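Input: one structure, supplied below.
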2 protein chains.
Amino acid sequence: MRTLYHPSVAEMNLSTVLYALSDPIRLSILKRLAENGEQSCSSLDMSVPKSTLSHHFKVLRESGVINTRIEGTQRYISIRYNDLNTRFPGLLDAVLKELKRTDGAQEAKK
Amino acid sequence: MRTLYHPSVAEMNLSTVLYALSDPIRLSILKRLAENGEQSCSSLDMSVPKSTLSHHFKVLRESGVINTRIEGTQRYISIRYNDLNTRFPGLLDAVLKELKRTDGAQEAKK
DNA sequence: TCTATTGTTCGATTATAATCGAACAAGGAA
DNA sequence: TTCCTTGTTCGATTATAATCGAACAATAGA
């Protein structure tokens, strides 16, 4: 737990990133980060058990979508805007644009 | 089998589309379609059993990524460029740009 | 009509991922 | 040190998806 894995820009993989972004809960997290900037994990209460949330943070982090910064007992997560824009130009903007319109997750689970 | 389901532009869902695009085989199919335009299903031999391929075509079609046109015993598939660009501006371009660079699937399955 | 071609569907298997309680780890404060 | 807070990890369960052979369906041609 000492060091959390973050892929370098070169290590980021398209299908892995798209997969990370294909889950409604993870899109909700992304939306919150886009709206409010860096957040402590505890600040985004999503009516989901913390172990489940932690899992989603890990998927987002290990794909390269978010950065996790450790400060004391808290973790602060944020979107890796520049890195994503460098590796996959236009991708993040397209996703965030849709998230702004709705929540991107509506009726995703039928 | 008479009619194949295709979602309307309004019915397209972000997480569903991202999920459809998150698979290496489906990205390979997309790349082929982007490079060569409309293709008959049989023309893209991907060293994968046809039942598996048919499954991936279905995922792509039902998410709204591709269109399937029936002509005789053959099916011709193509990317729904305009519809995708209307619904999720910039998303497809960002994906295709990366596919042009590599195949988007390299080392995705470890 | 018989046969070959193209592709879907079925059904079973395997693989991968989501979920979440409980235990654990690391700080910070009393 | 003890307790509280924050978050991860473990382990088990459930859910979802990928895979692929075999059977089926539709059409075209001999």
Side-chain angles (χ1 to χ4, degrees), chain A residues 1-6 13 15-30 32-33 38-63 65-78 105 107-110, chain B residues 1-6 13 15-30 32-33 38-63 65-78 105 107-110:
Chain A
M1 197 204 302
R2 182 76 16 99
T3 41
L4 298 173
Y5 171 71
H6 288 85
N13 175 270
S15 65
T16 304
V17 168
L18 293 175
Y19 180 77
L21 295 176
S22 71
D23 180 271
I25 291 179
R26 293 195 288 266
L27 282 179
S28 296
I29 294 170
L30 193 73
R32 296 282 286 270
L33 293 177
E38 187 183 58
Q39 300 283 303
S40 71
C41 292
S42 60
S43 72
L44 6 148
D45 61 326
M46 318 223 40
S47 68
V48 166
K50 60 179 185 172
S51 57
T52 300
L53 258 192
S54 188
H55 163 71
H56 288 301
F57 292 149
K58 185 178 183 180
V59 173
L60 287 169
R61 179 172 45 75
E62 297 191 337
S63 70
V65 174
I66 67 172
N67 181 270
T68 302
R69 179 170 67 81
I70 300 179
E71 190 176 312
T73 59
Q74 307 221 122
R75 269 94 177 128
Y76 290 89
I77 60 177
S78 56
E107 80 161 274
K109 297 266 187 182
K110 282 191 294 198
Chain B
M1 195 203 300
R2 183 72 22 94
T3 43
L4 298 173
Y5 171 71
H6 288 84
N13 174 272
S15 64
T16 303
V17 168
L18 293 175
Y19 179 76
L21 296 176
S22 71
D23 180 271
I25 291 180
R26 293 195 288 268
L27 283 179
S28 295
I29 294 169
L30 194 74
R32 296 282 285 270
L33 294 176
E38 187 182 59
Q39 299 284 303
S40 70
C41 292
S42 60
S43 71
L44 9 144
D45 62 327
M46 319 223 40
S47 68
V48 166
K50 60 181 185 172
S51 58
T52 301
L53 258 192
S54 188
H55 162 70
H56 288 302
F57 292 149
K58 185 178 183 180
V59 173
L60 286 169
R61 178 172 46 76
E62 295 190 339
S63 70
V65 174
I66 67 173
N67 180 269
T68 302
R69 179 171 68 78
I70 301 179
E71 190 177 313
T73 59
Q74 306 221 121
R75 269 94 174 129
Y76 290 89
I77 60 177
S78 56
E107 81 159 276
K109 296 268 187 182
K110 282 191 296 198

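The basis for the numbers below is simple: all heavy atoms, side chains too, and nothing from hydrogens, waters or symmetry mates. Keep in mind the model is a prediction, meaning the values are calculated, not measured. Chain A is the first sequence line, chain B the second, and so forth, proteins listed ahead of strands; every chain is numbered from 1.
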For this session: Measure the distance from CG on B:Leu60 to P on D:dA18 and round it to the nearest whole Å.
Result: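 Going from CG in B:Leu60 over to P in D:dA18 covers 10 Å.
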For this session: Please report the closest heavy-atom contact between A:His6 and A:Ile66, naming both atoms and the distance.
Result: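 Closest pair (atom of A:His6, atom of A:Ile66, distance): CD2-O, 3.7 Å.
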For this session: Please examine the side chains of A:Leu53 and A:Ile29, heavy atoms only from C-beta on, and report whether any two atoms are closer than 4.5 Å.
Result: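 A side-chain contact exists here, since the closest heavy-atom pair is under 4.5 Å.
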Problem set entry | Nearest-neighbour nucleotide for the B:Val59 side chain, C:dG7, D:dT8, D:dA18 considered |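 The nucleotide sitting nearest to the side chain is D:dA18.
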Problem set entry | B:Glu38 side chain reached by B:Arg69 side chain, heavy atoms, under 4.5 Å |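 Counting from C-beta outward, B:Arg69 and B:Glu38 do come under 4.5 Å.
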For this session: Work out how much the helix from C:dT1-D:dA30 to C:dA30-D:dT1 bends between its end axes, five pairs an end, to the nearest 10 degrees.
Result: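 It comes to 10° between the two terminal axes.
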Problem set entry | Listed nucleotide nearest any side-chain atom of B:Lys58, set C:dT19, C:dT9, C:dG7 |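 Among C:dT19, C:dT9, C:dG7, the one nearest the side chain of B:Lys58 is C:dT9.
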What are the atom names and distances for every N/O pair under 3.5 Å that joins the protein to nucleotides 1-4 of chain C?
none

Problem set entry | Per B:Gln74 side chain, nearest of listed nucleotides C:dT19, C:dG7, D:dT6 |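 Among the listed nucleotides, the one closest to the side chain of B:Gln74 is C:dG7.
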Exercise. For the pair made of CG in B:Leu21 and C1' in D:dA17, what is the distance, rounded to whole Å?
Worked result: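 For the pair B:Leu21 CG and D:dA17 C1', the rounded distance is 16 Å.
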Exercise. If we only count heavy atoms from C-beta on, is the B:Thr68 to B:Phe57 side-chain gap below 4.5 Å?
Worked result: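 Of all side-chain heavy-atom pairs linking B:Phe57 with B:Thr68, none is under 4.5 Å.
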Exercise. What's the closest nucleotide to the B:Phe57 side chain, out of C:dG7, D:dT8, C:dT8?
Worked result: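 Closest nucleotide among those given: C:dT8.
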Give every pair of a protein N or O atom and an N or O atom of nucleotides 20-22 of chain D that lie under 3.5 Å apart, one pair per line with the distance.
{"unit_1": "D:dG21", "atom_1": "N7", "unit_2": "B:Ser51", "atom_2": "OG", "d": "3.2"}
{"unit_1": "D:dG21", "atom_1": "O6", "unit_2": "B:Ser51", "atom_2": "OG", "d": "3.3"}

Exercise. Relative to the 5' end of DNA chain C, which residue comes earlier, A:Arg26 or A:Gly72, by the nucleotide with the nearest heavy atom?
Worked result: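 Result of the comparison: A:Arg26.
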For this session: To the nearest Å, give me how far apart CG (B:Leu53) and P (C:dT5) are.
Result: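 Interatomic distance, CG of B:Leu53 to P of C:dT5: 19 Å.
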For this session: Please state how far atom OH in A:Tyr19 lies from atom P in D:dA18, giving the value in whole angstrom units.
Result: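 In whole Å, D:dA18 P lies 9 Å from A:Tyr19 OH.
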Problem set entry | B:Ile25 CD1 - C:dT16 P separation (whole Å) |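 These atoms are roughly 13 Å apart.
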